[in-house]
Peer 1: 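Shown below is the structure under consideration.
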Amino acid sequence: MQELHTYTPHSRIRRILGPLFAIACVLATFSGVVVLSILLGSVLSTGLGHQAGRPWYHLPQNAWDLGQLLLSLATKTPGESAQTTGFRVGVVSSLWLLGLVTLFAVPVGLGAAVYLEEYVRPGRFKAVVQTNIANLAGVPSIVYGILGLTLFVRGFGFKPFALGYSIWSGALTLSLLVLPVIIIAAQEAIRAVPTTYRQAALALGATRWQTVRDHVLPAALPGIMTGLILSLSRAIGETAPVLMVTQASSLLNPPRGPGDQYVPLPLEIYNYAKYPDPADQTLAAGGILLLLVLLISMNAVAIVIRNRSGRLNRN
Amino acid sequence: MSTVPPPGRETPSRGPSSRETVSLSDPVIETRDLNVWYGSSPALKQINLSVPRNKITAVIGPSGCGKSTLLRCFNRMNDLVATTRMTGVILFDGENINGPETDAVSLRRRVGMVFQRPNPFPKTIYENVAWGARINGYQGDMDELVESSLRRAALWDEVKSKLNQSGLSLSGGQQQRLCIARTLAVQPEVILMDEPCSALDPISTRSVEDLMDELKRDYTIIIVTHNMQQARRASDMTVCMLLDDSVSQENHRTGVIAEYSSTEKLFTTPSDPRTEAYITGRIG
Ligand SMILES: Nc1ncnc2c1ncn2[C@@H]1O[C@H](COP(=O)(O)OP(=O)(O)OP(=O)(O)O)[C@@H](O)[C@H]1O
Ligand SMILES: [Mg+2]
């Protein structure tokens, strides 16, 4: 015979604790949302400041106006007064950086992740590499700036390898900065792909590469995209490391190629924000809006790609 | 692949029945003194087996006796498990599959495998069948191949109107037949099936069994099953594996062949008392 136990269900405490926990979770969620909306609101109200005497004086009438305003802000080059100035230099520089970082960091990051997940057998080598990558992801960004200065700008003192304060240097530095995060995110996504797909593919006589190309990577794509977008957003939003690898604090004309000097958008914003003049402050806020638009469009692209690739997995 | 047993482990003595191999004139797959280890624990001991061509060979035995391990040896899927080591020889069409001139990738096309759980790719039904053929460089008409493979797997009529839907939208039994069709599309010589019906209802099970009977004209089938009736119904030859009690321990199990003969004989007049005990449900 089994011994009979009495149960002490604590029903009342549990009835209270359950909802309390739910409320705590709701608060946690909304603290983020609230901070974000305060931030956005203050940037918007500063950026669109409507008192006379401020640059781009009037509050826009509607969304079309707002678009026009941002567009002119994005395309104008620095002028004499705050009214005629714009962030063309920053926008062009940042787009160059974005493109080149994508070009460098994405293939290298994906390649490393595939290698680590699909080819390396678990063991000491993998553990050492893995730990290194995880640590690199936590290195402060200014350190990458210093690394970029020595490695790319100065080429370790070898003239032929020195890239100077060009977009090349900036893009390579930022690529190094985001690589660890790209690798780790892609590894997670690849690891989450069920092994049964791999087994099924290999059992049909596929090579490892065919398996990875046609099954593992497509299934991991949504996760990989998330990591990529986060990393690329970080790359174009970073200020500290580019401070080390740009020379100009402001330029009159946007760069025309990757060998030119550049001032990325965050740095331009920083430059305006430094000045006490409210007109400059407003400009800085306008720049932040531009940066946000850029980031949000990148996220939108990621979401579209994620939904596309998720279609077959679902029904 | 080394043929020397690992240190500290002399060649296991053969039981009276493990030596008994059925003599066959034209085996497709033949193993000689096959031993497999996972790390340092033996999983298979002294397996001698000749699998006849164009027949269905069933492998039965209690859980953990190494049936899946044996199957994975035949298409070298065990290569993917880092800790496996094997000794002995496996011949496929008279050729050592672990020899230097045999390449695991091309071997796996010729020795196909259907898994315990249906595992279609998250792609369209068409693509599920076509993919294997395409990566193996199939030159013919792909639509035709997809149709004939699905027909052979007795699935065509159910899916012909929705070839562009996801393979995952099918029922479990349909998914398993899709996996069989996918295997057929690369035209293997041997099909290994590891408990292909364990996730299926009786009707789907029946259709897979009928299918196997149909397929054995052109293929050799080796099927692992826990279902005695299925082994009896569907197979020509039966391998009964058992745990080797002298080596098996709590945390690892070692399998040996208790008996290998025609299904008819094994189920009616088993020569090994342990076989009889297992098939009548007294051990295992
Ligand atoms: N990847 C592995 N690593 C280590 N040990 C393993 C591995 N796969 C199987 N084994 C061990 O080898 C033994 C045989 O396993 P196997 O899967 O071949 O048994 P099985 O006969 O197919 O069992 P079941 O009927 O439950 O499927 C078991 O003791 C198992 O624990
Ligand atoms: Mg098994």
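Note that this is a predicted model, so its numbers are computed, not measured. Throughout, a chain's letter reflects where its sequence line sits, starting with A, and its residues are numbered from 1.
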Peer 1: Only pairs of heavy atoms separated by less than 4.5 Å count here; which of A:Gly205, A:Ala206, A:Ala201 has the most with chain B?
Peer 2: A:Gly205

Peer 1: In terms of heavy-atom proximity below 4.5 Å to chain A, should B:Arg76 be classed as side chain, backbone, both, or neither?
Peer 2: neither

Peer 1: Is A:Tyr119 atom OH crowded by more than 12 heavy atoms from other residues, nucleotides or ligands, each under 6.0 Å away?
Peer 2: yes

Peer 1: Is chain B contacted by the side chain of A:Arg198, its backbone, both, or neither, given a heavy-atom distance below 4.5 Å?
Peer 2: neither

Peer 1: Where along residues 128-155 of chain B does a heavy atom come under 4.5 Å of chain A, listed by residue number?
Peer 2: B:Trp131, B:Gly132, B:Ile135, B:Asn136

Peer 1: In chain order, what residues pass the ring pair (Phe, Tyr, Trp, His ring centres under 6.0 Å) check against A:Phe152, with sequence neighbours excluded?
Peer 2: none

Peer 1: Take B:Glu127 and A:Asp214 through the side chain to side chain contact (heavy atoms under 4.5 Å, CB included) test and state the conclusion after the steps.
Peer 2: CA-CA 11 Å; B:Glu127 197 54 28; A:Asp214 292 347; over 6 Å; no

Peer 1: Looking only at non-hydrogen atoms, find the nearest pair between A:Ala200 and B:Arg182 and report the distance.
Peer 2: CB-NH2, 3.4 Å

Peer 1: Check B:Asp79 against A:Arg121 and note the closest heavy-atom contact, atom names and distance.
Peer 2: O-NH2, 2.9 Å

Peer 1: Less than 4.5 Å to any heavy atom of chain A: does that hold for the side chain of B:Pro188, its backbone, both, or neither?
Peer 2: neither

Peer 1: Once the angle between the rings of A:Tyr197 and B:Phe121 is folded into 0 to 90°, is it parallel (under 30°), tilted (30 to 60°) or perpendicular (over 60°)?
Peer 2: perpendicular

Peer 1: Under 4.5 Å from any heavy atom of chain A, what part of B:Val105 do you find: side chain, backbone, both or neither?
Peer 2: both

